[in-house]
Amino acid sequence: MIVKDLINNALKELGIEVSSVEIEVPREEGHGDISTPVAMVLASKLKKAPRAIAEDIAGAIGNDPSFEKIEVAGPGFINFFLSGTYLHNELSAFIKDADGYVKRDVGRGEKVQIEFVSANPTGPLHLGHGRGAVVGSVLANMLTAAGYNVEKEFYVNDSGRQVRLLGESVYARYLELCNKEIKFPDDGYKGEYVSDIANNIFDKEGKKYCDIPFDECSDNFIDHSYKLMLEEIERDLKEFSVFFDSFQSERDIFSEGHVDGLIDLLKKKDLVYEDEGATWFRSTEFGDDKDRVIIKSDGQYTYFASDIAYHYLKAQKGFGELINIWGADHHGYVKRVRSAIKAVGFDPGHLKVILVQMVSLLRSGEPVQMSKRAGNFVTLREVMDEIGVDTTRFIFLTRKPDSHLEFDLEEAKKQSSENPVFYVQYAFARINSIFRKASDEGFNVNSQDDSVINRLTEPEELRLIKKILYYPMMFEGAVFAREPHRITYYLQELAGLFHPYYNSHRVLTDDRDLSLARLALCRAVMLVLERGLAILGITSPERM
RNA sequence: GCGCCUGUAGCUCAGUUGGAUAGAGCAACUGCCUUCUAAGCAGUGGGCCGGGGGUUCGAAUCCUCCCAGGCGCACCA
């Protein structure tokens, strides 16, 4: 950044050494466009008044055509005010090559894997899954745009007790169709979808299994059931604009020998012991609170066993970073997995776990109870159908993952005409509307001619230009922090500058050059909105 | 009891990784459509940033101790 270089040069000239110069964008417009508190940081070291130091630095910087003025203010801030010439030049550069201007190749092709959703294929997705799905998909979009090589993976728990329980539940419903008296499994899945699957099997295969005990046809029921669920999950996710590169099967982790391989490795490292018939992993040696069972006394592997085998497999694939997006109710798991990664010789720093906090679902202020087992829960599908994909995604993206989220179905619907997502989309639609009119009046809307840009002199226009030019910096910060919600807020702020501008100044006027300049500005706003919304996985409607 | 997350306007939430006088949306109130889309704009009111102590030029932000809420602490997933 230019400002940093200017300050560093000035400091060098003055013979002052400093480790790093901080730069910020002040909240207050009167405090300039860019500001640095460096003089205050230096004050105690130099035993000199901060304002005096600031004056020296400002003096050493001297005049630069990029700035209208550079002033010392407050307790010792140095504030930089960008010049109109600078803003016009930058806007021209942006319009000529928006993608190039926005491009920040911070990833440099580094391989990153994001594992998210990974819902058990034992029932439809609920709203909590939806939140993780949105955070994961947007994070993937962001990192891809920032030059990372991203793989999106869904881990399928197609092995073990839960899918078996689903199979048993379906089997029980199937026997009902055979008109048999049955005892429904104690912890069985009670949702209506279980009966749907049973119906599906009955339609296809008839009474074939009516007299066959579960143990003799369990594979059939289990496989059929979870595969149908997985299909439904994938279908819902696609409609929710969430796409995966790979679905890693837990069964394959077993059948390809990764679990046994991992346990052998741990044994070789003497990190495994037997106690009371079970096999334990010494996770406490790597920071866990207690040792963990990997093979139960009945010979069954725990989920933890396949989970750490899965993470070991991921670690071997050469990703620079492994991102896991988990529901906050799994936070107790983080230490465990991290200790396992450390145990097999990988840097646990490469594993980043983003915990997405709980979603409390409300309807008109009343809590909606959700229990998958009992079968009464609001599915992501229902919410998508009732509220809409764009709105649902946007609501998830207006909170940081750390925040608990209250999702009120009636509120989300009621606000549907004044929802924040529409505020942003409306700005896009309005600009397109202007363009339609402009085309009718003979303007070349996609003109690359920047000779009239300097006609943009209104305060609202300069504010908009600054906001547009700030996009790359904002985006880089969001990528660095891995925080999708920053983009959401930025877009709202950008729209929040555009609407007042639209209201106080006409784009298409009798002054042809001025109109062209304003059209160029509108186009720049549109290009930013389009890119931002695309990253959020939200549509950019040309009409509303 | 231990661990993680949260506590900011009446409600839902931001707050650029420690900066200047703490923001937005919703709700309330007052205005603005003969003009490129009023899903918009202009304006008003609203705060012990949960509380105490500490760190320093400077704290909503960092440390510590309390208080409150949520979620976890299995040979469950």
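The structure displayed is predicted, hence computed values, not measured ones. Within every chain, numbering begins at 1; the chains are lettered A, B, ... in the order of the sequence lines, protein sequences first and strands thereafter.
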Looking at D408(A) and R363(A), is any side-chain nitrogen of the basic one under 4.0 Å from a carboxylate oxygen of the acidic one?
no
Side-chain atoms of Y426(A) come closest, of C75(B), G40(B), A14(B), to G40(B)
Among A20(B), C13(B), C36(B), which is the nearest nucleotide to the side chain of P26(A)?
A20(B)
Within 45° of the six-membered ring axis of Y502(A) and under 6.0 Å from that ring's centre, is NZ or CZ of R430(A) located there?
yes
Just to be sure I understand the rule, does F77(A) reach a base, reach only the sugar-phosphate, or reach nothing, if contact means heavy atoms closer than 4.0 Å?
base
Interatomic distance at C1', C49(B) relative to C13(B), whole Å:
13 Å
Under 4.0 Å between a side-chain N or O of T302(A) and OP1 or OP2 of A74(B)?
no
Atom P, compared across C57(B) and C2(B): separation rounded to whole Å
36 Å
Heavy atoms under 4.0 Å, any strand shown: does A429(A) hit a base, just sugar-phosphate, or nothing?
base
Can you tell me if T36(A) uses its side chain to pair, donor with acceptor, with the backbone of V38(A) under 3.5 Å?
yes
What does G7(B) pair with, Watson-Crick or G-U, if both distances are under 3.5 Å?
C67(B)
If you only use heavy atoms from C-beta on, which nucleotide in G40(B), U17(B), G19(B) is closest to the side chain of Y423(A)?
G40(B)
Taking CG from L497(A) and C1' from G23(B), how many angstroms apart are they, rounded to a whole number?
14 Å
Find which nucleotide of RNA chain B each of H330(A) and G477(A) is nearest to by heavy atoms, and output the residue with the more 5' nucleotide.
G477(A)
Any base atoms under 4.0 Å from I295(A), or only sugar-phosphate, or nothing? Heavy atoms, all strands.
nothing
May I ask you to decide whether D260(A) forms a salt bridge with K267(A), counting only side-chain N to carboxylate O separations under 4.0 Å?
no
Partner lookup for G72(B), please. Criteria are Watson-Crick or G-U wobble with both distances under 3.5 angstrom; report none if nothing qualifies.
C2(B)
Are more than 12 heavy atoms from other residues, nucleotides or ligands located less than 6.0 Å from atom CG of D440(A)?
yes
Under 4.0 Å, counting only non-hydrogen atoms across every strand here, what does E542(A) touch: a base, just sugar-phosphate, or nothing?
base
In whole Å, what is the span from the CH2 atom of W326(A) to the P atom of G72(B)?
15 Å
Proximal nucleotide (of A38(B), G15(B), U12(B)) relative to the E483(A) side chain
G15(B)
Pick the P atom in C26(B) and in C62(B), then give their distance to the nearest Å.
30 Å
Hey, is H31(A) stacking on A20(B)? Ring centres under 5.5 Å, planes under 30°.
yes
Under 3.5 Å, is there a donor on one side chain and an acceptor on the other for Y310(A) and E153(A)?
yes
Looking for any heavy atom pair under 4.0 Å, which part of the strands does V41(A) touch: base, sugar-phosphate only, or nothing?
base
Is U34(B) in the syn or the anti form, by the rule that syn lies within 90° of 0?
anti
Length of the CG-P vector between D440(A) and C36(B), whole Å:
13 Å
Applying a 4.0 Å non-hydrogen cut-off, can you work out what F435(A) is touching in the nucleic acid: base, sugar-phosphate, or nothing?
nothing
Quick check on C4(B): is either OP1 or OP2 less than 4.0 Å from any side-chain nitrogen or oxygen of K335(A)?
no
Base, sugar-phosphate or nothing for S297(A)? Non-hydrogen atoms, less than 4.0 Å.
base
NE2 of H499(A) versus P of A38(B): gap in Å, rounded?
10 Å
Whole-Å gap separating P (A77(B)) and CD (Q162(A))
7 Å
Using the P atom as the point on both nucleotides, what is the distance between A9(B) and G25(B), in whole Å?
16 Å
Please confirm whether F254(A) and Y301(A) have ring centers closer than 6.0 angstrom.
yes
Report the nucleotide, chosen from C75(B), G72(B), G19(B), that has the shortest atom-to-atom distance to any side-chain atom of D329(A).
G72(B)
Within the 4.0 Å heavy-atom criterion, would you say H331(A) contacts the bases, only the backbone, or no part of the nucleic acid?
base
Closer to the 5' end of RNA chain B via nearest nucleotide, is it G332(A) or P401(A)?
P401(A)
Are H404(A) and G7(B) stacked, counting the six-membered base ring, centres under 5.5 Å, planes under 30°?
no
Starting the side chain at C-beta, find the nucleotide from A20(B), G19(B), C71(B) nearest to R27(A).
A20(B)
Return the nucleotide paired to G40(B): Watson-Crick means purine N1 to pyrimidine N3 with N6-O4 or O6-N4, wobble means G-U with N1-O2 and O6-N3, both under 3.5 Å.
C32(B)
Here the distance between atom P of A77(B) and atom OH of Y310(A), to the nearest Å, is 18 Å
Taking only the C1' atom of each, what is the distance from G45(B) to G52(B) in whole angstrom?
32 Å
R161(A) NZ/CZ over Y303(A) ring centroid, <6.0 Å and within 45° of normal
no
Integer angstrom distance from the P of G40(B) to that of A77(B)
50 Å
Watson-Crick/G-U partner (both atom distances under 3.5 Å) of G47(B):
none
Would you mind telling me which of A38(B), G19(B), C75(B) lies closest to the side-chain atoms of R430(A)?
A38(B)
Donor-acceptor pair (no angle test) under 3.5 Å: S35(A) side chain, A20(B) base
yes
Would you classify E276(A) as touching base, sugar-phosphate or nothing, given that sugar-phosphate means primed atoms plus P, OP1 and OP2, and contacts are heavy atoms under 4.0 Å?
base
If I take atom CD1 in residue I34(A) and atom P in nucleotide A20(B), what distance separates them, rounded to the nearest angstrom?
17 Å
Partner lookup for U55(B), please. Criteria are Watson-Crick or G-U wobble with both distances under 3.5 angstrom; report none if nothing qualifies.
none
Give me the atom names and distance for the closest heavy-atom approach of A495(A) to V424(A).
CB-CA, 4.0 Å
Is A438(A) touching bases, backbone alone, or none of the nucleic acid, heavy atoms closer than 4.0 Å?
nothing
Identify whether any heavy atom of D288(A) sits under 4.0 Å from a base atom; if not, whether one sits that close to sugar-phosphate; answer base, sugar-phosphate or nothing.
nothing
Regarding H485(A), tell me which of base, sugar-phosphate or nothing describes its non-hydrogen contacts under 4.0 Å with the strands shown.
sugar-phosphate
Quick note, M40(A) side chain, CB onward, closest among U17(B), A39(B), G19(B) is G19(B)
note: E406(A), atom CD; G69(B), atom P; distance rounded to Å ~ 15 Å
Is there a donor and acceptor pair, one atom on the side chain of Y470(A) and one on the base of U16(B), closer than 3.5 Å?
yes
Taking 4.0 Å as the cut-off, does a side-chain nitrogen or oxygen of K290(A) come that near to OP1 or OP2 on C75(B)?
yes
Salt bridge flag under 4.0 Å for residues K400(A) and E483(A)
no
Say we look at U35(B) and G43(B): how far apart would their P atoms be, to the nearest angstrom?
23 Å
Counting side-chain heavy atoms from C-beta on, which of A42(B), A14(B), A77(B) comes nearest to R336(A)?
A77(B)
Side-chain contact check for Y303(A): nearest option of A14(B), C75(B), A77(B) is A77(B)
Which part of the nucleic acid, if any, lies within contact of P37(A), taking any heavy atom under 4.0 Å across all strands shown: a base, the sugar-phosphate backbone alone, or nothing?
base
For A20(B), what is the paired nucleotide under Watson-Crick or G-U wobble rules, both distances under 3.5 Å?
none
